[in-house]
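So the structure is just underneath, and the comments pick up after that.
In this text, all values refer to a predicted model and were calculated from it rather than measured experimentally.
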Amino acid sequence: HPAETGIVIRALAASCARDSEPGESPDWLRPAQGRTWSVLLPMLRRFGGALLADPTGSGKSYVALAVAQAWRPHRSPTVVAPATLIPQWERLSRRLDIPVRLWSHERLSRGRLPPGAPSLVVVDESHRFRNPVTRRYRTLAPWLVGRTVLLLSATPVVNRLADLSAQLLLGVRDDALAGDGVPSVRQLLEGAGSHPALGALILQRPREVAMPARRERSIAVAEDDWLRTALTHLDRLRLSRSPALARLVRGVFWRAAASSPAALRGALARYRLLLQHCQDAGGE
């Protein structure tokens, strides 16, 4: 329900003023990213979990690594991300000299848990954990108990507000907002409700605030051109003889494109491999 989702987003954006970290953010963060960092740390300390829902391209991974550096300087966090994004995280962590342990969503889907006992876990593309009945969710959720969880997603609400509930409960108690008049986060969101107190768990800043003016113009043009071209070509593809199946596959590509160019490339590569398998099977 777009209208209901909009109500929640506006509540988050206009939520009460939050506490901020008194220290200085790393100098490799942009000013807006530094402000995000300074707000996220108190949120994580208070609730044990938070969701950063800034737009694609705003540097959520930089902010997450800055949080990790401040959280436990001598203890590596675990980053859980789609396999297609693992190389990006590897390159960034090496460049910033912030060690992390990387684990893929796909390993979780096979029932394999990350090693070690990290105090902080970063879940990238957390909207992929919006369904509690999936194996990856049922594998990850118990392991996260007692750990601090930072969720990252530009699209936390995919189909309904219950998507948001499932993600938040990976890191926070259901009654985390009871003192603010919300006895159950699950009941609030599964009932398609909204409340300004959600802003204590979810941080979202508009794109125009997330980037400095000069850099914003150059990045926005490049990203918009890339995304427009990609979506144009996707719309031209005949993905299946079945209209319903074609819509399903195209939706997968759209969600990947909304995440990052690397995610879209990975989705296209997997689809191409599937077509090759089908072609080989038909030729036998």
Side-chain angles (χ1 to χ4, degrees), residues 1-23 25 32-55 58 60 63-64 66-67 70-71 119-132 137 140-141 144-210:
H1 299 79
E4 294 168 347
T5 301
I7 292 172
V8 172
I9 297 301
R10 287 194 296 273
L12 304 181
S15 61
C16 58
R18 306 172 175 91
D19 295 333
S20 61
E21 189 71 9
S25 63
Q33 293 170 342
R35 290 191 292 272
T36 299
W37 170 88
S38 70
V39 171
L40 271 178
L41 282 169
M43 292 169 68
L44 290 169
R45 290 193 178 107
R46 180 181 177 190
F47 295 105
L51 167 63
L52 177 57
D54 279 359
S58 56
K60 292 187 291 296
V63 175
V67 168
W71 192 257
S119 62
L120 175 68
V121 179
V122 177
V123 181
D124 194 11
E125 301 285 308
S126 64
H127 54 270
R128 297 188 177 206
F129 293 87
R130 64 185 181 274
N131 188 347
Y137 192 103
L140 181 64
L144 290 177
V145 173
R147 310 186 196 279
T148 301
V149 181
L150 174 56
L151 307 163
L152 308 177
S153 176
T155 55
V157 178
V158 178
N159 299 311
R160 54 201 179 100
L161 289 180
D163 296 346
L164 193 57
S165 168
Q167 294 167 71
L168 289 174
L169 293 179
L170 286 171
V172 303
R173 301 189 319 273
D174 186 38
D175 63 351
L177 300 177
D180 297 305
V182 180
S184 169
V185 172
R186 178 186 285 111
Q187 289 180 10
L188 173 69
L189 292 171
E190 290 184 355
S194 63
H195 196 285
L198 286 171
L201 302 177
I202 306 171
L203 181 58
Q204 182 190 55
R205 299 186 186 277
R207 182 179 176 82
E208 60 269 21
V209 174

Whether Thr36 side chain and Ala32 backbone form a donor-acceptor pair below 3.5 Å: yes
From Phe47 atom CZ to Leu168 atom CG, the distance as rounded to the nearest 0.5 Å: 11.0 Å
Any donor-acceptor N/O pair, Asp54 side chain to Lys60 backbone, under 3.5 Å: no
Full working for side-chain contact (heavy atoms from CB on, under 4.5 Å) between Leu189 and Leu198: CA-CA 10 Å; Leu189 292 171; Leu198 286 171; 3.9 Å; yes
Heavy-atom donor-acceptor pair, Trp37 side chain to Ala66 backbone, under 3.5 Å: yes
Reported CG-to-OG distance for the pair Leu169 and Ser184, which is rounded to 0.5 angstrom: 7.5 Å
Spacing of CE belonging to Met43 relative to CG belonging to Leu51, to within rounding of 0.5 Å: 8.0 Å
CD-CG distance between Glu190 and Leu164, expressed to the nearest 0.5 angstrom: 11.0 Å
Derivation of the side-chain contact (heavy atoms from CB on, under 4.5 Å) call for Leu170 and Val121: CA-CA 11 Å; Leu170 286 171; Val121 179; over 6 Å; no
For Val149, all residues meeting side-chain contact (heavy atoms from CB on, under 4.5 Å), sequence neighbours excluded: Val123, Leu144, Leu151
Donor-acceptor contact present, side-chain Gln167 to main-chain Leu152, <3.5 Å: no
Val172 to Gly49 - nearest heavy-atom pair and separation: CG1-O, 3.6 Å
Step-by-step side-chain contact (heavy atoms from CB on, under 4.5 Å) determination, His195 to Leu177: CA-CA 10 Å; His195 196 285; Leu177 300 177; over 6 Å; no
Value rounded to 0.5 Å, distance of OG in Ser165 from CG in Asp174: 7.0 Å
Value rounded to 0.5 Å, distance of CZ in Arg173 from CZ in Arg186: 13.5 Å
